Engineer: 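One structure coming up, written as structure tokens, with questions to follow.
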Amino acid sequence: YRAASRSALRWAASRSPMVRRSVAWITSIPVSSSRRRASESSRSDCIAEILDAFARYPAGELIAVNPMIMEPRLGPLNRLVHKILMLPHEGNGVLLPSGHTSAPFSLPNAPEMRIGIASGCCAYRRTVFDVERFDAFFAGYGYMEDREFSLRARRHGDILLAPRAVTHHLQTPSARIDRERLGRMMVVNHWYVAQRHLPRDWPHRLCFAWSELGSAVLYLIKGLRRGDWSALRGWRKGIRDIRRGDAPKPARDVAPRKH
């Protein structure tokens with residue numbers, strides 16, 4: 001099994017620069033030494049750390065634990081560009097005025113803290129699903145469905161970032177769906193979350209437009225580099241559907257948090 005996994009990884013790395021970078025980054029982490037010192041190392045078993053965090057807080061106070069998700073980080077310039085354009089970036093786990101999110105991920109020295117946005121790797125108490133459900137709008141591969149759910153779940157308690165619970169997010173060598181459909185979905189889902197969880201006033205609309213303009217510029221740059229304009233075409237379709245009113249418009253979620 002391990003030999004087959006290594007062969008599959010080598011095959012994927014030989015065909016995708018993204019996978020090669022991810023493999024190089026993961027293999028640079030001293031995993032073997034951390035495993036030998038698992039009893040005293042801060043990088044102990046992820047599930048055990050999540051369960052420990054749940055055990056330290058009352059059920060009515062803490063409703064979810066998010067592990068520290070490690071993935072290849074953007075360079076300093078790209079991180080700055082994402083912040084200026086109000087695109088997803090590293091931060092303290094909040095919903096931005098643009099409708100995108102900041103997330104305290106890939107930060108090995110981050111402290112344990114309460115956050116307002118959780119990811120798909122988050123562990124929730126079972127009782128949360130008695131009062132909240134994933135939105136059926138995010139059918140299939142749903143971009144931002146995990147973030148949107150956490151915004152509603154947080155009304156019932158706090159979400160804790162557990163930096164000692166470490167997981168690694170490896171990039172897939174191929175997209176789940178084609179880039180054109182993905183480009184459209186990212187625009188429409190972003191708009192859906194912004195409409196549901198942000199005020200529908202001009203300042204927030206301008207922030208949304210500013211971030212989507214930034215996305216278009218980044219798609220344009222990628223198209224010039226790769227000669228593939230499918231993501232930009234998908235982005236244009238998403239903007240067109242929003243302007244025409246073809247994208248579903250959710251009821252605004254204005255229920256207050258209990259904590």
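Bear in mind the structure is a predicted one, so any value in this text is a computation, not a measurement. Side chains are part of it too, since the values below use all heavy atoms of this structure and drop only hydrogens, waters and symmetry mates.
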Engineer: Is the Tyr124 to Phe149 ring centre distance short of 6.0 Å?
Structural biologist: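 Ring-ring flag for Tyr124/Phe149: true, centres closer than 6.0 Å.
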
Engineer: Between Trp229 and Arg233, is there a cation-pi geometry (under 6.0 Å to ring centre, at most 45° from the normal)?
Structural biologist: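 Not satisfied by the 6.0 Å and 45° rule.
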
Engineer: Of all heavy-atom pairs between Gly183 and Tyr219, which one has the smallest distance, and what is that distance?
Structural biologist: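 The pair with the smallest heavy-atom distance is CA-OH, 4.2 Å.
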
Engineer: Sub-3.5 Å donor-acceptor pair from the side chain of Ser98 to the main-chain atoms of Met86, do we have one?
Structural biologist: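 Flag set: sc Ser98 to bb Met86 pair under 3.5 Å.
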
Engineer: One pair to check against salt bridge (charged side-chain N to carboxylate O under 4.0 Å, His left out): Arg56 and Asp52. What are the steps and the verdict?
Structural biologist: CA-CA 6 Å; Arg56 288 187 281 112; Asp52 176 71; 3.0 Å; yes

Engineer: Considering all heavy atoms of both residues, which atom of Met68 and which atom of Ala110 are nearest to each other, and what is their separation?
Structural biologist: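 Closest approach of Met68 to Ala110, heavy atoms only: CE-CB, 3.7 Å.
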
Engineer: Evaluate the salt bridge (charged side-chain N to carboxylate O under 4.0 Å, His left out) criterion for residues Glu180 and Lys237: first the C-alpha distance (whole Å), next the side-chain angles of each, then the deciding distance (0.1 Å), finally the verdict.
Structural biologist: CA-CA 9 Å; Glu180 185 168 330; Lys237 288 182 179 179; 2.3 Å; yes

Engineer: I'd like to know whether the aromatic ring centres of Phe105 and His169 sit less than 6.0 Å apart in this structure.
Structural biologist: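 They do not qualify: ring centres at least 6.0 Å apart.
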
Engineer: For the pair Asp135 (side chain) and Phe138 (backbone), establish whether a donor and an acceptor sit closer than 3.5 Å, ignoring hydrogens and angles.
Structural biologist: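 Checked: no pair found.
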
Engineer: Please state whether the rings of Phe137 and Tyr192 are parallel, tilted or perpendicular, taking 30° and 60° as the class boundaries.
Structural biologist: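 Answer is parallel, since the angle falls under 30°.
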
Engineer: Going by atom types only, do His168 and Glu71 share a side-chain donor-acceptor pair under 3.5 Å?
Structural biologist: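 Their side chains do not contain a donor-acceptor pair, so the 3.5 Å distance test is not met.
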
Engineer: Mark yes or no for whether His82, through its side chain, and Asn78, through its backbone, hold a donor-acceptor pair below 3.5 Å.
Structural biologist: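 Side chain of His82 to backbone of Asn78: a pair is present.
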
Engineer: Regarding Arg164 and Glu112, does a basic nitrogen lie under 4.0 Å from an acidic carboxylate oxygen?
Structural biologist: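 No salt bridge links Arg164 with Glu112.
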
Engineer: In sequence, state the C-alpha distance, the side-chain angles, and the governing distance for Trp191 and Glu212, and then conclude on side-chain hydrogen bond (donor to acceptor under 3.5 Å, both in side chains).
Structural biologist: CA-CA 10 Å; Trp191 176 86; Glu212 284 302 333; over 6 Å; no

Engineer: Closer than 3.5 angstrom, by distance alone: can the side chain of His190 be matched with the main-chain N or O of Tyr143 as a donor-acceptor pair?
Structural biologist: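 No; zero donor-acceptor contacts below 3.5 Å.
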
Engineer: Look up atom CD1 in Ile242 and atom CZ in Arg184, then write down how far apart they are to the nearest 0.5 Å.
Structural biologist: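 Rounded to the nearest 0.5 Å, the CD1-CZ separation comes out at 8.5 Å.
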
Engineer: Is a side-chain donor or acceptor of His156 paired with a backbone partner of Arg154 at a separation under 3.5 angstrom?
Structural biologist: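 It does not hold such a pair.
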
